[in-house]
Amino acid sequence: MVTHNNIAELIRTALPDAKVQVDDPNNDGQHFTAIVVAEQFEGLSMIKQHKLVYGAIQHHLDSGAVHALQLKTYSKSQWESMQVQVM
């Protein structure tokens, strides 16, 4: 079974220095949520950002070990501007 820690580590390997939070809200090891903040996302569309993340876990998606990943991605500057607005 895949764990949220496994998914997070795969993403960190593909996107070094990314800030990654992965959760398993249903505790079923198949449906995950993730927030990924990475400098590599700067200037990329959301679709391209998501493709980078999905590429990191593609094997688990193809095998059916991971059924779904709800994903939110941000470049570092997007994340920082969002944090300023929240405060």
Enquirer: Which residues pass the side-chain hydrogen bond (donor to acceptor under 3.5 Å, both in side chains) test with Ser77, sequence neighbours left out?
Expert: Glu42, Ser75
Enquirer: Taking the side chain as every heavy atom from C-beta outward, state whether Val53 and Leu69 have any pair of such atoms under 4.5 Å apart.
Expert: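 Touching, per the 4.5 Å side-chain cut-off.
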Enquirer: With clusters defined by side-chain heavy atoms of hydrophobic residues (ILVMFWY) lying less than 4.5 Å apart, directly or transitively, does Val2 cluster with Tyr54?
Expert: yes
Enquirer: Is the number of heavy atoms from other residues, nucleotides or ligands within 6.0 Å of CD (Gln70) greater than 12?
Expert: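 Count not over threshold, so no.
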Enquirer: Only distances under 3.5 Å count here; give the side-chain donor-acceptor pairs of residues 6-13 to other protein atoms, sequence neighbours excluded, each with its distance to 0.1 Å.
Expert:
| residue | atom | partner | partner atom | Å |
| --- | --- | --- | --- | --- |
| Asn6 | OD1 | Thr3 | N | 2.8 |
| Asn6 | OD1 | Thr3 | OG1 | 2.9 |
| Arg12 | NH2 | Val20 | O | 3.0 |
| Thr13 | OG1 | Glu9 | O | 2.9 |

Enquirer: What is the minimum heavy-atom distance between Leu52 and Leu44, and which atoms define it?
Expert: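 The pair with the smallest heavy-atom distance is CD1-CD1, 3.7 Å.
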Enquirer: Mind checking the CD-NZ spacing from Gln21 to Lys72? Nearest 0.5 Å is all I need.
Expert: 10.5 Å
Enquirer: How many angstroms lie between atom NZ of Lys76 and atom OG of Ser81, to the nearest 0.5 angstrom?
Expert: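 Rounded to the nearest 0.5 Å, the NZ-OG separation comes out at 13.0 Å.
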Enquirer: Say whether, by atom type as modelled, one donor and one acceptor occur between the side chain of Asn26 and the main chain of Asp28 under 3.5 angstrom.
Expert: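 Answer holds: no.
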Enquirer: Could you tell me which residues satisfy ring pair (Phe, Tyr, Trp, His ring centres under 6.0 Å) with His59, sequence neighbours excluded, listed by chain and number?
Expert: none
Enquirer: Does Thr73 form a side-chain hydrogen bond (donor to acceptor under 3.5 Å, both in side chains) with Gln49? I'd like the steps, not just the answer.
Expert: CA-CA 7 Å; Thr73 57; Gln49 292 174 14; 2.6 Å; yes
Enquirer: What distance separates Lys19 NZ from Ile35 CD1, expressed to the nearest 0.5 Å?
Expert: 14.0 Å
Enquirer: Tell me the closest heavy-atom pair linking Tyr74 and Phe41, and the distance in Å.
Expert: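 Residues Tyr74 and Phe41, closest heavy atoms: O-CD1, 3.2 Å.
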Enquirer: Please check if the side chain of Asp24 supplies one atom and the backbone of Phe32 the other of a donor-acceptor pair under 3.5 Å.
Expert: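 No: the side chain of Asp24 does not pair with the backbone of Phe32.
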Enquirer: With a sphere of 6.0 Å drawn around CG of Asp62, does it hold more than 12 non-hydrogen atoms of other residues, nucleotides or ligands?
Expert: yes
Enquirer: Are side-chain heavy atoms of Val36 and Leu15 found at a separation under 4.5 Å?
Expert: yes
